[in-house]
Amino acid sequence: MEYNYKEIEQKWQARWAAEKTFRVKEDSSKPKYYVLDMFPYPSGAGLHVGHPLGYIASDIYSRYKRLKGFNVLHPMGYDAFGLPAEQYAIQTGQHPAKTTRNNINRYRSQMDRIGFSYDWNREVRTCSPGYYKWTQWAFLKMFGHWYNNESSKAEPVEKLVAIFEKEGNANVNAACTEGPVFSAEEWKAFSEKEKSDALMRYRIAYQGETSVNWCPKLGTVLANDEVKEGLSVRGGFPVEQKKMKQWQLRVSAYAQRLLDDLEGLDWTESLKDMQRNWIGRSQGAEMIFKVGNWDVKIFTTRADTVFGVTFMVLAPESEWVERLTTPECKAAVDEYIAQTKKKTERERISETKKVTGVFTGSYGTNPFTGEKVPVWVSDYVLSGYGTGAIMAVPAHDSRDWAFAKRFNLPIIPLIEGCDVSESSFDAKEGTMINSGFLTGMSVKEAIPAAIDEVERRGIGKRKINYRLRDAIFSRQRYWGEPFPIYYKDGIPSPVDEKDLPVTLPSISSFLPTENGEPPLARAKDWTYNGYPLETSTMPGFAGSSAYYLRYMGPHNSYGLVSREANEYWRNVDLYIGGTEHATGHLIYSRFWNKFLYDLGYVCEIEPFRKLINQGMIQGRSNFVYRIKNTNTFVSYGLKDQYDTTEIHVNVNIVNADRLDLEAFRNWMPEYRNAEFILENGEYICGWAVEKMSKSMFNVVNPDNICDSYGADTLRLYEMFLGPLEASKPWDTKGIDGVHRFLRKFWRMFFNNDELCLSDGKPSAAELKVLHKLIKKVGDDIENFSFNTSVSAFMIALNELQTLKCNNREVLEQFTILLAPFTPHICEELWSLLGHEESISGARFPEYNEEYTKENTFEYPVSFNGKMRFKIELPKNVDAATAQKAVLENSLSAKWLEGRSVKKIIVVPGKIINVVC
RNA sequence: GCCCAGAUGGCGGAAUAGGUAGACGCGCUGGUCUCAAACACCAGUGCCGCGAGGCAUGCCGGUUCGAUCCCGGCUCUGGGUACCA
């Protein structure tokens, strides 16, 4: 009987679906385990072989955990709102809902072919109203809460109102937007609008004027993590800074908790580092500099360098600029600010080295020296960080140094022996000089001493700043969750919870309106109780922030997640996905979870206990070389003899870098009559590792691999390719070896087309092979070292083959071990072995050390210290010979001399353990 | 610039208590089977050398009886971040 993967895979995929093999329910009799994949955005291009890498790993782990007796929650869904579908809609007029549905169907059929063990009954789609109801619900909760720094948690706005009514806002310690202080009387006298505005500064979901990343090409604002190097991540369009009133989430309120709780997570250090850097905690001080009659607050982490301040700088957007600019300087300052406004983010970055700035005409007073220092404006100071104003210490800050050089401002060195003629001395080390009472201290002592003095004099205080900004939550787009907010006389008001979801209306065109409003403004009757509804929609990360909770009970209509389900499944035990979400989704999701935790809706402070980043599978492109102005192509090895152009060629008509000439001629009409210059009768293509993309003709579709090798081979091969976390190019060179292994495994069960197994007791040799494998595979899966476990299977199979093993028990256990990797073939063999139930209900074999023990013996020697070394010994060596061998042959004989060894443990041909 | 990770045959990669470097797979070479091919199986395969032997885990040094592994200093590659005061 031949290994017919096509038949086997179709058969078992159909059976799993029909028998709902992977459906799970809460079951308190079993320990739970929650394995989650980062759900995909269903793009029009479909899945390529890179996408399933993480899914295969998580599937193996899920199947393994089931064999280990766990109740495994392993769901899948779609992150279905987003820009590409809408851009496509603008181009083609097709409704994004329709293209999204088509793409999802395509994804689903591609995933089904690979044989994943998802509980599809729990599928979620972020764009379905039943799902986004809960995204809107969470938003309303955030709108209805504020962050109390005293209790370090979110509390209802009603409580805040009660405080305002009693004593105003002077003593409220909240994470909030700066604004005026008011008394209880003033609060009571406020108009509705004023009250709304005051509360808005406290809400966790709030509307506020802020400088945003505006992408004119996409017609929308973007969050910081959606912009890379001044270009939009989606589309790569330029982004500029613009002040706009936008919905925002007060993520910054949670900065410290997001930082602290990283400690308890089983994530890689590098990923935690990325989050730490993104949160960017820095400890320093706020200090007041008098400028005329004004108190200008600056933030610094180097209070110790205050004696070296030679000027001050304001951000162009700072509110101080207008007040501090003298009439004589006004024209120049206005001109400078107009120029910076025109620059895009990209230009600002690319011009990093160009130092620009302008003098305001005002002078500030150094609070320590009393000296007057000029106040400048420059775009190297950011309005969004600290106070938007700095004290400049050119001797010890490279940016200040560059600025001082450019504008000829004095540079005063403050650290003994430092040379600031060519560059600043930024390191926090050395002994202070020229620094009044700080002189003679080390920098490490001086920093806190300076801050203490600042606090003692009442000219400032300790302050911790975070780089993490509040998340901008509005998008001026159609294909996203509508906000459950309407405007009553201009006051943003929440839609009643019972009226959720606010469903996305159908509209005629997906473009902004003539007067620049978002597409939702085109919707007829976009109102709530007669009042206009918000016209922007939520960003992509809204729907992905709490989806892992919804999987716990996606059909319940009374809550995001039921208490019972949440208390059973708790949080994600294993999360697999790409690093690209390190500073986006993984921050937002943690924030969202913590907020819901504060409100008592979820029982764990962190959503994802363990996280693995699978590497990217890159494309391996192939090239042909056309001799210029001809239709002749020259093989890679001979191309240097001609003047050629390198052309990408479809990798699907290239096999092991050999071009299929006929297929090439048929590939495109222009190559119909192509001529070739071959080497050794073959056309060899050049190659390069690049991103997998359509335009480079290097996309490999998993369907093709399933056709020609089968899903089991694809699964096994993707794991065999290398460590899960490593990025690697897709290369089918080794796939035959993996396929060969499966065929060999299949043949172990048969003799002349007949199932042929012996029922006797396994031999000692067979048991040794089997139990070594049980140990190795179990350990490897636990450590996500799937590539080495595939090798272990190959080695074990070779050994069993050498032993001519056809023992039923041994092969049955081997099948169970292999089942998580290649479930189809294992199900088939399992059923041929007479089992009626799916192999997923089997138990992972128990490892028995007895079977794998080496021939070990111990005997006393004398020696101090403890060490191990290796030595070659003949088989069946006796103790005396062994000792002699150790002393004579070992590289360590010299070292052993004169020491007293107590005991040496010998394994023939292997390790000898020497104990003191 | 800063932070993180990595560098091992012709190739992907093993070796994670400091102890036979190169497992396993690909590729390549030779052989068996076959009319032939495919499949399968057997043997060989780090480099140099006819050989004995020598050299080998990016480079330079150190610790150790012994270093791919630990320490110091470089080089290069990949990822993150970018005026965050």
Side-chain angles (χ1 to χ4, degrees), chain A residues 2 224 228-230 268-282 284-285 298-303 305 312-313 315 348-349 351-353 355 378-382 384-393 396-400 402-403 423 426 465-469 579-580 582-583 613 615-616 618 656-657 689 716-717 720-723 725-741 743-744 747 783 785 787-798 801 867-872 890-897 899 909-914:
Chain A
E2 266 305 298
N224 280 346
K228 255 193 186 136
E229 292 170 355
T268 59
E269 268 318 297
S270 68
L271 190 70
K272 287 187 190 179
D273 273 339
M274 269 193 230
Q275 290 219 339
R276 288 189 193 110
N277 292 340
W278 189 261
I279 294 167
R281 179 191 150 107
S282 58
I298 59 96
F299 174 75
T300 180
T301 54
R302 294 294 304 273
T305 61
M312 294 171 68
V313 187
R348 263 171 103 153
I349 289 168
E351 289 172 8
T352 297
K353 281 169 197 88
V355 182
S378 173
D379 64 2
Y380 85 87
V381 174
L382 305 175
Y385 183 78
T387 61
I390 61 151
M391 63 177 210
V393 185
H396 303 289
D397 182 288
S398 53
R399 296 151 302 177
D400 297 345
F403 196 84
S423 68
D426 293 9
N465 258 322
Y466 299 91
R467 211 187 71 117
L468 184 70
R469 309 289 159 82
T579 14
E580 66 272 22
T583 52
N613 289 121
M616 236 198 314
Q618 296 135 309
D657 292 337
V689 172
L716 203 59
Y717 185 58
F720 184 66
L721 221 43
E725 276 116 324
S727 284
K728 53 234 156 188
W730 176 259
D731 191 337
T732 45
K733 261 201 303 190
I735 198 166
D736 290 303
V738 166
H739 188 64
R740 209 167 284 158
F741 161 78
R743 283 207 310 262
K744 219 192 275 186
R747 280 199 310 269
N783 296 320
S785 179
N787 55 329
T788 52
S789 49
V790 178
S791 294
F793 280 116
M794 292 177 173
I795 296 168
L797 190 70
N798 279 339
Q801 206 172 29
M867 67 168 299
R868 298 165 33 153
F869 57 96
K870 290 183 180 178
I871 188 170
E872 294 275 343
S890 155
L891 293 170
S892 310
K894 184 175 131 206
W895 184 84
L896 280 167
E897 231 170 296
R899 301 185 192 239
K910 279 225 168 171
I911 294 171
I912 300 172
N913 204 358
V914 181

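All values reported here derive from a predicted model rather than from experimental measurement. Order of the sequence lines fixes the chain letters, A, B, ..., with proteins taken first and strands second; residue numbering starts at 1 for each chain.
- Between the side chain of A:Thr579 and the main chain of A:Asn613, no donor-acceptor pair closer than 3.5 Å is present.
- Using modelled atom types, no side-chain atom of A:Arg281 and backbone atom of A:Ile279 make a donor-acceptor pair closer than 3.5 Å.
- Between A:Gly386 and A:Asn465, the closest heavy-atom pair is CA-ND2, 3.5 Å.
- As the counterpart of B:rA67, no nucleotide is assigned, since no Watson-Crick or G-U wobble pattern has both distances under 3.5 Å.
- Nucleotide B:rA15 forms a pair with no other nucleotide shown, judged by Watson-Crick or G-U wobble geometry with both contacts under 3.5 Å.
- The listed nucleotides are B:rC41, B:rC4, B:rG13; the one nearest the side chain of A:Arg747 is B:rC41.
- Spacing between atom CG of A:Leu382 and atom P of B:rU81 amounts to 16 Å, rounded to whole angstrom units.
- Residue A:Lys728 contributes atom NZ, which lies 15 Å from atom C1' of B:rA5 at whole-angstrom precision.
- Nucleotides B:rG6 and B:rG51 are separated by 39 Å at their P atoms, to the nearest Å.
- Annotation: B:rA7 and B:rU16 have their P atoms spaced 14 Å apart (nearest Å).
- Per the geometry, CG belonging to A:Asp426 stands 19 Å off P belonging to B:rA82, to the nearest Å.
- Using the Watson-Crick or G-U wobble rule with both distances under 3.5 Å, B:rC33 pairs with nothing in any strand shown.
- Straight-line distance between the C1' atoms of B:rC76 and B:rU8: roughly 16 Å, to the nearest whole Å.
- Contacts of A:Pro723 with the nucleic acid, taken as non-hydrogen atoms under 4.0 Å apart, involve only primed sugar atoms and P, OP1 or OP2.
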message: Evaluate A:Tyr717 against A:Trp730 for ring-ring contact (aromatic ring centres under 6.0 Å, His included), listing each step before the verdict.
response: CA-CA 10 Å; A:Tyr717 185 58; A:Trp730 176 259; 5.6 Å; yes
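- Rounded to whole Å, atom C1' of B:rA38 lies 12 Å from atom CD of A:Glu2.
- Rounded to whole Å, atom P of B:rC11 lies 16 Å from atom CG of A:Leu721.
- Although no hydrogens or angles enter the test, the distance criterion places a donor-acceptor pair under 3.5 Å between the side chain of A:Gln275 and the main chain of A:Ala582.
- B:rA56 and B:rG73 have their P atoms separated by 25 Å, given to the nearest Å.
- At whole-Å resolution of the value, CZ in A:Arg276 and P in B:rA82 are 18 Å apart.
- The closest donor-acceptor contact from the side chain of A:Thr732 to the backbone of A:Ile735 lies at 3.5 Å or more, if one exists at all.
- Looking at heavy-atom distances under 4.0 Å, A:Arg281 makes no contact with the nucleic acid at all.
- Nearest-nucleotide assignment on RNA chain B puts the 5′-proximal partner with A:Asp273, out of A:Pro729 and A:Asp273.
- Side chain of A:Asp400 to backbone of A:Val393: a donor-acceptor contact under 3.5 angstrom is found.
- B:rA21: no Watson-Crick or G-U partner with both key distances under 3.5 Å is found in any strand.
- For the P atoms, the distance linking B:rG25 with B:rU32 amounts to 23 Å, nearest Å.
- Across every strand in view, B:rC83 sits unpaired, with no contact that passes the Watson-Crick or G-U test at under 3.5 angstrom.
- Pair check for B:rG72 finds B:rC60; Watson-Crick or G-U wobble, both atom distances under 3.5 Å.
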- line: With B for base contact, S for sugar-phosphate-only contact and - for none (protein heavy atoms under 4.0 Å), nucleotides 22-30 of chain B reads -BBSS----
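- Proximity of A:Tyr385 to the phosphate of B:rA85: a side-chain N or O atom is located under 4.0 Å from OP1 or OP2.
- Contact between the side-chain N/O atoms of A:Ser282 and the OP1/OP2 oxygens of B:rA85 is found at a separation under 4.0 Å.
- Distance A:Phe793 CZ to B:rG13 P: 21 Å, rounded to the nearest Å.
- Of the nucleotides present, B:rU77 is the one that pairs with B:rA5 by Watson-Crick or G-U wobble criteria, both distances under 3.5 Å.
- Listed nucleotides B:rG80, B:rA85, B:rA40 differ in distance to A:Arg743; the shortest reach to its side chain belongs to B:rA40.
- If you check B:rC47 for Watson-Crick or wobble pairing at under 3.5 angstrom, you find it paired to B:rG54.
- Taking atom NZ of A:Lys272 as the reference point, atom P of B:rC3 lies 20 Å away to the nearest angstrom.
- Taking the syn range as angles within 90° of 0, the glycosidic angle of B:rG73 is outside it, so the base is anti.
- The gap from the P atom of B:rG61 to that of B:rA67 amounts to 14 Å, rounded to the nearest Å.
- Of the possible donor and acceptor atoms, none in the side chain of A:Asn783 sits under 3.5 Å from a partner among the backbone N and O of A:Ser785.
- B:rU57 and B:rC11 are spaced 15 Å apart, taking the P atom of each and rounding to whole Å.
- Distance noted for atom P between B:rC59 and B:rG79: 24 Å (whole Å).
- In the model, A:Ser791 has no side-chain atom that pairs as donor or acceptor with a side-chain atom of A:Thr788 under 3.5 Å.
- In terms of modelled atom types and a separation under 3.5 Å, the side chain of A:Lys728 and the main chain of A:Pro723 share a donor-acceptor contact.
- Along RNA chain B, the nucleotide closest to A:Glu269 and the one closest to A:Gly384 are compared, and the more 5′ of them pairs with A:Glu269.
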